[in-house]
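First the proteins, then the strands, lettered A, B, ... as listed; each starts at 1.
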2 protein chains.
Amino acid sequence: MESITTADAPAPTRGRPREFCPDAALSAALGIFWAKGYDGASMADLTAAMGITKPSLYAAFGNKEQLFHQALDRYEAEKLAYTREALKQPTARAVAEHFMRGAVAAQTSTCDPKGCMGVISATACGAEGDSIKAHIMQRRQSSNAALVTRFEQARQDGDLPQHLDPQGLAYYLYAILQGMAVLATSGATRDDLDGVVTIALSMWPTS
Amino acid sequence: MESITTADAPAPTRGRPREFCPDAALSAALGIFWAKGYDGASMADLTAAMGITKPSLYAAFGNKEQLFHQALDRYEAEKLAYTREALKQPTARAVAEHFMRGAVAAQTSTCDPKGCMGVISATACGAEGDSIKAHIMQRRQSSNAALVTRFEQARQDGDLPQHLDPQGLAYYLYAILQGMAVLATSGATRDDLDGVVTIALSMWPTS
DNA sequence: AAAATAAATTACCGATCGGTACACAAAGCC
DNA sequence: GGCTTTGTGTACCGATCGGTAATTTATTTT
């Protein structure tokens, strides 16, 4: 089984060289999947945005589903970088604020599709979507686990009330993040979401 | 232009009578759209669940898009009845609690698809989805406006802090509701969402 | 120069999509 | 009994879906 990922290929400079940049093509595919979801993105949409033909796409990325997973990996690596930064913040409140501010910025950026690709893809995948849902749920769970761990530490630090359930708080924060993503997808402005963040922070529990 | 809705037809008892119950068929269609979204629901899925053939469907409901709008109307009338009840609660806190408890019950019911049909449909509609998005956004805005009005009255009642922005609070509550819907769609249990509600209520502002 | 390798292009595959033409069946009106 | 009206079933429409076979083009290796 050949590996197909974009970041291998030591330098097999034999045969005709490809005429497109796989990195740029993958970014273009990410934009389509992000905007339209897995099912909503047709091969015609993808090839048009990537500037390549179908056989080139299949040779470089496997098939539509594998291309999607690679695009999702890139999305998480690039567009969700703020979540890893957020976990390093000194207080639970700062963690939550970094999460929410980062989410608002990512979801309402003027040079990217609105909303969260994970939310769009998890809610909008049909028959073969099991593999995609599994991917997103796994990603969500690992991210959630990290957040729970961070809140548990915060409680030990006296940074959160003892009676507060870290798991519940993590779910609560996640609900706000995903909810803002839904609102962003259906037309909410950046100011609207900033208002949500302000309110949520004003209610954030004090130690 | 003939009206096609299910609730007209005074009694045109001429011609062959139809052999299916439009109400039951519409409920079956609602179940499919709710579970799979607009694009994800194929005509084959719909006719199989409704127990009728395509020509019968087109004669009774117009086309796929019109069928969807009728299903969405029924969804709002039946499954979102708790929202109208919630607005009548005596305090802002009770309003929010009723909203959230009702949403959790509706989104994790064992005899209905998981999640919120509005969220699933708004995030998962492709090309012709503009009409659908418009329908959902309009519904959301009117519902949001009612909630803002209710919170403004609550603030006048001394039921909410004066400094709190009713519009922001409404968006905040909406974000939690839609976020829980996303979580429910991708596997969260009823207990998980109850935890979110508990936390959110524990933070709810006191006058 | 010839062979080998790999990408690009074109044209096509079967399956499924939403939607419909057409013939037939069941009822009321005359 | 027709005749009209309306719903049902079958079989089909063009378009699009994801995916591929076959050929040509470009480059490295011998």
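- Here C:dG19 presents its P atom at 14 Å from CG of B:Asp45, a figure rounded to the nearest Å.
- Between B:Met43 atom CE and C:dT16 atom P the separation is 16 Å, expressed in whole Å.
- Here C:dT9 is the nucleotide among C:dT9, C:dG28, C:dT5 with the atom lying nearest to any side-chain atom of A:Ser56.
- The interatomic distance linking A:Leu67 (CG) with D:dC17 (C1') rounds to 16 Å, in whole Å.
- A salt bridge between A:Arg74 and A:Asp23 is present, with a side-chain N of the basic residue lying under 4.0 Å from a carboxylate O of the acidic one.
- Relative to the side chain of B:Lys54, the nucleotides C:dC29, C:dG18, D:dC17 differ in distance, and C:dG18 lies closest.
- One interatomic measurement links the two molecules: CG of A:Leu46 to C1' of D:dC17, which rounds to 12 Å at whole-angstrom precision.
- Atom CD in B:Glu19 sits roughly 11 Å away from atom C1' in C:dA27 (whole-Å rounding).
- Across all their heavy atoms, B:Ala60 and B:Arg18 have their closest contact at CB-NH2, 3.7 Å.
- Between B:Phe20 atom CZ and C:dA25 atom P there is a gap of 20 Å when expressed in whole angstrom units.
- Of the candidates D:dT28, C:dG18, D:dG18, the closest approach to any side-chain atom of A:Tyr58 belongs to D:dG18.
- Note that A:Lys64 lies in the cation-pi zone of A:Tyr38, set by a 6.0 Å cut-off to the ring centre and a 45° limit from the axis.
- A residue-by-residue look at B:Glu65 and A:Pro55 shows that A:Pro55 has its nearest nucleotide of DNA chain C further toward the 5' end.
- Checking C:dA26, D:dT10, D:dA26 against the side-chain heavy atoms of A:Pro17 singles out D:dA26 as nearest.
- As rounded to whole Å, 15 Å separates atom C1' of C:dC17 from atom CG of B:Leu57.
- In this structure, B:Thr149 contributes its side chain and B:Ala145 its backbone to a donor-acceptor pair below 3.5 Å.
- Comparing B:Gly51 and A:Asn63, the nucleotide of DNA chain D nearest to each residue sits closer to the 5' end for B:Gly51.
- Across the protein-nucleic acid pair, A:Arg18 atom CZ and D:dA26 atom P stand 17 Å apart, rounded to whole Å.
- With D:dT10, C:dC17, D:dA26 as the candidates, the nucleotide lying closest to the side chain of B:Thr53 is D:dT10.
- Contact detail for A:Trp34 and A:Ile120: the closest heavy-atom pair is O-CD1, 3.2 Å.
- Among D:dT8, D:dG18, C:dG18, the nucleotide with an atom closest to any side-chain atom of B:Arg16 is D:dT8.
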